[in-house]
Amino acid sequence: MPLVELVRLPNGAEAELLRGRIESAGVHAVCFDAGMNIAESVGLMIPVRIMVLDEDLAEARALLAEFENPGNGLAAGALDR
């Protein structure tokens, strides 16, 4: 069961917030490279990747689209790809 990339985010805190929301909806997700972008502005070079199981990708994308609506608790533009 390979992991595939769902989205990349420049901010580790927002990535963890999104990962938690995806997990709370029942889809296992992990953050890769979260410790690599702790310095200011490094997120532009080393974004945090949210990874999901290949078979969960469609469901995770649907959740991502749902979370992109205004008033979702994420910063504006946080999920721009």
Side-chain angles (χ1 to χ4, degrees):
M1 291 187 281
L3 291 173
V4 294
E5 183 179 299
L6 173 64
V7 66
R8 291 178 184 219
L9 298 171
N11 183 305
E14 289 176 351
E16 286 294 338
L17 174 65
L18 179 59
R19 183 203 57 77
R21 292 188 73 186
I22 291 169
E23 289 248 334
S24 71
V27 175
H28 181 67
V30 294
C31 288
F32 281 9
D33 303 324
M36 298 299 292
N37 73 351
I38 57 175
E40 183 88 20
S41 305
V42 176
L44 299 174
M45 295 184 298
I46 307 172
V48 179
R49 296 175 291 156
I50 298 179
M51 310 292 285
V52 297
L53 292 173
D54 187 38
E55 63 261 19
D56 293 336
L57 184 59
E59 184 178 357
R61 284 183 175 157
L63 290 167
L64 184 61
E66 180 182 324
F67 298 152
E68 287 177 331
N69 292 328
N72 62 10
L74 295 174
L79 302 178
D80 292 342
R81 292 180 218 106

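No hydrogens, no waters, no symmetry mates; every other heavy atom, side chains included, goes into these values.
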*To the nearest 0.5 Å, how far apart are CG in D33 and CZ in R49?*
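With rounding to 0.5 Å, CG (D33) is 4.5 Å from CZ (R49).
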
_NE2-CD distance between H28 and E55, expressed to the nearest 0.5 angstrom_ =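 Between H28 NE2 and E55 CD, I get 11.0 Å after rounding to 0.5 Å.
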
*Please examine the side chains of D54 and L3, heavy atoms only from C-beta on, and report whether any two atoms are closer than 4.5 Å.*
no

*Side-chain heavy-atom pair V7, L18 within 4.5 angstrom cut-off*: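 In contact.
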
*Can you name the residues that form a side chain to side chain contact (heavy atoms under 4.5 Å, CB included) with A29, not counting sequence neighbours?*
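Side chain to side chain contact (heavy atoms under 4.5 Å, CB included) list for A29, sorted by chain: R19, I22, E23, I50, V52.
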
*asked:* Among residues at least two apart in sequence or on other chains, which ones pass salt bridge (charged side-chain N to carboxylate O under 4.0 Å, His left out) with E59?
replied: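 E59 satisfies salt bridge (charged side-chain N to carboxylate O under 4.0 Å, His left out) with no residue once adjacent residues are dropped.
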
*Could you go through the side chain to side chain contact (heavy atoms under 4.5 Å, CB included) check for M51 and L6 one step at a time?*
CA-CA 6 Å; M51 310 292 285; L6 173 64; over 6 Å; no

*V48 to G12 - nearest heavy-atom pair and separation*: CG2-CA, 3.7 Å

*Which atom names give the shortest non-hydrogen contact between A15 and C31, and what distance separates them?*
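Looking at all heavy atoms of both residues, the closest pair is O-SG, 3.8 Å.
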
